[in-house]
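Notes for the one structure printed next.
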Amino acid sequence: MNKKRIKIKKSETLILNEKKALARVNSPFVVNLIYSFHSKTDVFLILDLLTGGDLSFHLMQRGRFPKDEAQYYAARVMLGLQALHDRNYVYRDLKPENCLMAEDGRVKLTDLGLATKVHPKLHGAAGTRGYWAPEMLKRNENGKRMIYGKSVDWFSFGCLLAEMLCGFNPYRSEAALKFGQGKGKEKKEEAIDLATLEMDPELDMQYFDDNSADLVRKFLDKDPTTRLGCGENGCKDIMDHSWFDGCDWEAIITDKMVPPFVPRRDVNASSQSDIGTFTEDKKFHQTVLEEKDEKIYGDWAWTNKAAFQAEVIEFLIYERETGEPLVPMDNGSECCCAVS
């Protein structure tokens with residue numbers, strides 16, 4: 001990530017927050033940070049390589065997922081959220097685009113930029129409209145935003161689960177838009193927000209059976225104190241739901257379950273024209289990085305000890321097999337090295 005672009009967008013806090021969250025959470029269900037370092041112009045995060053695309057891409061390609069796939073992805077996402085919650089983080093940006101798939105079909109949460117530590121004054125909408133929990137939008141009698149906690153992630157989880165089963169998010173649908181507009185909210189954003197606050201979505205039984213519909217409704221509970229996943233038992237209550245009957249939890253938790261779907265070997269992403277590019281415009285060239293900007297990244301460098309040890313072992317095995325040592329290459333780079 002280019003430091004000038006970060007400064008232009010005033011995203012320093014967002015970037016630092018993501019790095020801290022990634023360094024704190026080490027889980028097979030969350031994209032892991034391996035190394036972080038920086039140069040004079042850029043900051044780097046070395047992450048798990050996941051080349052299978054995201055769930056949004058695969059939903060767009062296939063429409064919706066059969067139960068075995070939806071169950072598998074839901075289980076992994078749930079465990080990813082729990083890993084964050086165990087570290088007292090709330091994710092706040094759960095959506096299909098942030099669920100990345102590895103080449104073998106395993107799914108992990110990514111993009112922790114909006115993840116934050118839970119604290120007594122946590123408030124304000126964060127994430128993507130239509131996946132926000134109602135309490136993110138509510139205000140008290142003084143017009144101030146309501147305080148919320150980890151429960152917002154389980155509402156977003158319900159939206160994601162519904163989307164996997166029927167192909168669309170109930171609160172980003174025509175029904176939600178009409179609901180809000182029917183109550184006087186002409187702007188799309190305001191209509192969706194009102195639907196989130198007041199609408200109980202209808203779940204088409206063409207896509208939902210009694211168990212899946214019950215599970216989704218329990219996640220979309222407007223009351224965060226009774227929402228599934230928010231009780232004392234946490235994920236245990238979710239795992240015990242009848243929709244997960246037959247799920248091999250031991251195999252999933254130990255990351256030994258074979259994924260039910262393996263993505264194609266070609267590029268599992270939208271075209272470059274859809275993704276967009278960064279332009280080095282006039283503002284970019286006029287932006288100057290000062291000493292105070294450099295101080296922001298004073299604690300940026302970080303190494304995942306377990307990953308480093310695994311790499312050392314891999315290098316030693318390679319040297320033993322080839323009979324030749326691995327030596328650094330002088331590639332002229334100021335920020336990283338290669339070996340040969």
Side-chain angles (χ1 to χ4, degrees), residues 1-3 6 15-16 18-55 57-58 72-73 75-76 79-80 83-84 86-87 98-112 248 250-269 272 275 278 294 297-340:
M1 296 170 282
N2 184 272
K3 289 180 178 178
I6 294 172
I15 298 301
L16 291 171
E18 179 166 21
K19 182 256 178 177
K20 288 179 182 178
L22 284 166
R24 286 277 293 166
V25 180
N26 188 18
S27 167
F29 311 107
V30 179
V31 170
N32 285 310
L33 177 63
I34 311 302
Y35 301 104
S36 60
F37 54 92
H38 67 106
S39 68
K40 291 181 179 180
T41 57
D42 300 283
V43 294
F44 299 84
L45 295 173
I46 309 301
L47 305 167
D48 291 335
L49 178 63
L50 302 177
T51 60
D54 59 47
L55 290 189
F57 172 81
H58 291 290
Y72 177 74
Y73 303 145
R76 291 186 66 89
L79 292 169
L84 286 161
D86 287 345
R87 290 290 188 176
N98 284 343
C99 302
L100 289 185
M101 187 179 293
E103 63 178 1
D104 64 357
R106 283 176 166 80
V107 167
K108 297 187 178 187
L109 294 180
T110 190
D111 195 353
L112 271 58
D248 188 344
E250 183 178 354
I252 292 177
I253 292 171
T254 57
D255 202 21
K256 294 180 180 179
M257 184 170 179
V258 177
F261 169 78
V262 177
R264 295 179 302 177
R265 291 285 183 175
D266 55 0
V267 178
N268 293 285
Q272 183 65 55
I275 296 172
F278 292 109
E294 190 64 22
Y297 305 103
D299 296 325
W300 184 264
W302 187 83
T303 297
N304 184 317
K305 294 180 180 179
F308 177 76
Q309 291 170 358
E311 286 189 8
V312 169
I313 293 172
E314 186 178 348
F315 282 170
L316 291 174
I317 292 173
Y318 179 86
E319 288 182 336
R320 184 179 66 186
E321 291 177 346
T322 61
E324 298 180 0
L326 287 166
V327 295
M329 293 174 61
D330 183 9
N331 61 0
S333 172
E334 64 180 67
C335 60
C336 58
C337 65
V339 294
S340 64

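Fair warning: this is a prediction, and the values are worked out from it, not measured in the lab.
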The salt bridge (charged side-chain N to carboxylate O under 4.0 Å, His left out) partners of E294 (sequence neighbours excluded) come to K3
Residues passing the salt bridge (charged side-chain N to carboxylate O under 4.0 Å, His left out) test with K108, sequence neighbours excluded, are D48
**Item:** Stepwise side-chain contact (heavy atoms from CB on, under 4.5 Å) check, F261 with Y73
**Value:** CA-CA 10 Å; F261 169 78; Y73 303 145; 3.5 Å; yes
Any donor and acceptor pair, going by atom type alone, linking the side chain of S39 with main-chain N or O of T41 inside 3.5 Å? yes
Anything under 3.5 Å between a donor and an acceptor, one on a side chain of residues 250-257, the other on a protein residue two or more places apart or in another chain? List them.
{"from": "T254", "atom 1": "OG1", "to": "E250", "atom 2": "O", "distance (Å)": "2.6"}
{"from": "T254", "atom 1": "OG1", "to": "A251", "atom 2": "O", "distance (Å)": "3.3"}
{"from": "D255", "atom 1": "OD1", "to": "R76", "atom 2": "NH1", "distance (Å)": "2.8"}
{"from": "D255", "atom 1": "OD1", "to": "R106", "atom 2": "NE", "distance (Å)": "2.9"}

Residues passing the side-chain contact (heavy atoms from CB on, under 4.5 Å) test with A307, sequence neighbours excluded, are I34, N304
[X] to [Y] - nearest heavy-atom pair and separation:
X: P263; Y: H58; value: CB-CE1, 3.9 Å
X: D54; Y: L100; value: CB-CD2, 3.8 Å
X: P259; Y: D104; value: CG-O, 3.2 Å
X: V107; Y: C99; value: CG1-CB, 3.9 Å
X: K19; Y: D299; value: NZ-O, 3.0 Å
X: E18; Y: D111; value: OE2-CA, 3.5 Å

State the [atom1]-[atom2] distance between [X] and [Y], to the nearest 0.5 angstrom.
X: L47; Y: L33; atom1: CG; atom2: CG; value: 6.0 Å
X: T303; Y: E311; atom1: OG1; atom2: CD; value: 9.5 Å
X: L50; Y: M101; atom1: CG; atom2: CE; value: 10.0 Å

Between F37 and the options W302, W300, Y297, F44, the ring pair (Phe, Tyr, Trp, His ring centres under 6.0 Å) test singles out F44
Residue set satisfying side-chain hydrogen bond (donor to acceptor under 3.5 Å, both in side chains) with E319, at least two apart, ordered chain then number -> none
Across all chains, not counting sequence neighbours, the ring-ring contact (aromatic ring centres under 6.0 Å, His included) partners of F29 are none
- Task: Could you give me the CA-CA distance, side-chain angles and deciding distance for L109 and L84, then say whether side-chain contact (heavy atoms from CB on, under 4.5 Å) is met?
- Result: CA-CA 10 Å; L109 294 180; L84 286 161; 4.2 Å; yes
